[in-house]
Amino acid sequence: DGGITQSPKYLFRKEGQNVTLSCEQNLNHDAMYWYRQDPGQGLRLIYYSQIVNDFQKGDIAEGYSVSREKKESFPLTVTSAQKNPTAFYLCASRQIIGGTGELFFGEGSRLTVL
Amino acid sequence: AQRVTQPEKLLSVFKGAPVELKCNYSYSGSPELFWYVQYSRQRLQLLLRHISRESIKGFTADLNKGETSFHLKKPFAQEEDSAMYYCALWEYGNKLVFGAGTILRVKS
């Protein structure tokens with residue numbers, strides 16, 4: 001089954017703890033993205049990576065960190081510095097060269113901070 | 001900063017009625033615009049993109065550069081069209097910027 005897999009689907013965290021969300025794709029896409037989805041605010045870009053070992057901050061990167069050690073993987077760490085981490089997180093990927101500009105999304109991970 | 005504005009949080013129509021979901025953008029270059037849809041319990045997916053000028057599930061969207069709009073239209077709404085709709089704009093080919101989204105509810 002090809003596509004983007006996010007895990008876990010649901011995650012609970014105590015305040016002060018870091019948590020890492022997994023995102024794996026088997027589409028051989030060049031670029032990967034992390035968005036945060038909040039009601040009434042749409043999707044806001046956290047980080048993106050267009051090539052292995054390189055990534056750029058999006059619009060709301062504070063309190064988050066990422067790595068891109070492999071083409072197929074782009075994990076997101078929500079650190080204790082993120083002031084309001086409870087949200088729905090979406091990972092996406094796309095093919096840059098020869099692509100259509102379409103983003104392919106995972107099913108999302110819902111993080112709740114207790 | 002580039003912006004995508006969807007002025008309606010919720011649009012409620014009766015089955016068979018026409019639908020228009022509004023999207024306005026601000027962009028200094030040549031815009032590349034998309035509509036994405038999220039049905040209940042499904043992942044976000046592409047509905048259509050302006051460059052292909054296609055009709056998907058009866059929906060069309062025309063880019064109006066003079067009014068900086070990319071409204072999504074369908075002449076006759078169906079119950080299965082109920083979903084969250086997002087307008088999105090590629091920013092200089094690097095980042096896809098989304099609007100706040102509009103919930104479409106089609107009532108029987």
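We name chains A, B, ... by the order of the sequence lines, and we start the count at 1 in each one. Bear in mind that the values here come from a model prediction, so they are computed numbers and not experimental data.
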**Message:** Using a 4.5 angstrom heavy-atom cutoff, name the option from A:T100, A:L45, A:D59 with the most pairs to chain B.
**Reply:**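 Counting heavy-atom pairs under 4.5 Å, the top option is A:T100.
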
**Prompt:** When heavy-atom pairs shorter than 4.5 Å are enumerated against chain B, which of A:Y35, A:Y33, A:F104 gives the highest number?
**Reply:**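 Of the options given, most contacts go to A:Y35.
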
**Asked** Does A:F12 sit in a hydrophobic cluster with other residues, and if so which ones, taking ILVMFWY side chains as linked at heavy-atom separations under 4.5 Å, directly or through other members?
**Response**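 Under the 4.5 Å side-chain rule, A:F12 groups with A:L114.
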
**Item:** chain B contact via A:L43 - which portion, at a heavy-atom distance below 4.5 Å
**Value:**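 The answer is both parts of A:L43.
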
**Asked** With a 4.5 Å limit on heavy-atom distance, are the side chains of A:E102 and B:Y36 in contact?
**Response**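 With C-beta onward as the side chain, the pair touches.
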
**Asked** Going by heavy atoms in the side chains, are B:W90 and A:L103 under 4.5 Å from each other?
**Response**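 Yes, at least one pair of side-chain atoms sits under 4.5 Å.
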
**Asked** Same hydrophobic cluster for B:L47 and B:F98, using side-chain heavy-atom links shorter than 4.5 Å among ILVMFWY?
**Response**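 Cluster IDs for B:L47 and B:F98 differ.
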
**Message:** Quick check: under 4.5 Å, non-hydrogen atoms only, which of residues 69-80 of chain B neighbour chain A?
**Reply:**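 Residues qualifying by a heavy atom under 4.5 Å from chain A are absent, so none.
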
**Message:** Does A:I96 have more than 12 heavy atoms from other residues, nucleotides or ligands lying within 6.0 Å of its CD1?
**Reply:**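 Enclosed.
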
**Item:** Rounded distance [0.5 Å steps], NZ in A:K57 versus NZ in B:K95
**Value:**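 Rounded to the nearest 0.5 Å, the NZ-NZ separation comes to 12.0 Å.
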
**Prompt:** At what distance, to the nearest 0.5 angstrom, does CG of A:L90 lie from CD of B:Q38?
**Reply:**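 CD of B:Q38 is found 6.5 Å from CG of A:L90.
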
**Asked** Regarding B:Y86 and A:Q37, is there a side-chain donor-to-acceptor distance under 3.5 Å anywhere?
**Response**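 Yes, a side-chain donor-acceptor pair sits under 3.5 Å.
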
**Request:** Grab the two heavy atoms, one from A:G40 and one from B:A100, that are nearest each other, plus how far apart they are.
**Result:**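 In terms of heavy atoms, the two residues are closest at O-CB, 3.6 Å.
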
**Asked** How would you list, in number order, the residues of residues 74-83 of chain A that have a heavy atom less than 4.5 Å from chain B?
**Response**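 At a heavy-atom separation under 4.5 Å, chain B is reached by no residue of residues 74-83 of chain A.
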
**Asked** Going by the side-chain hydrogen bond (donor to acceptor under 3.5 Å, both in side chains) test, which pairs reach into residues 39-53 of chain A, not counting sequence neighbours?
**Response**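 For residues 39-53 of chain A: A:D38-A:R44, A:Q41-A:R44, A:S49-A:R68, A:Q50-B:N94.
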
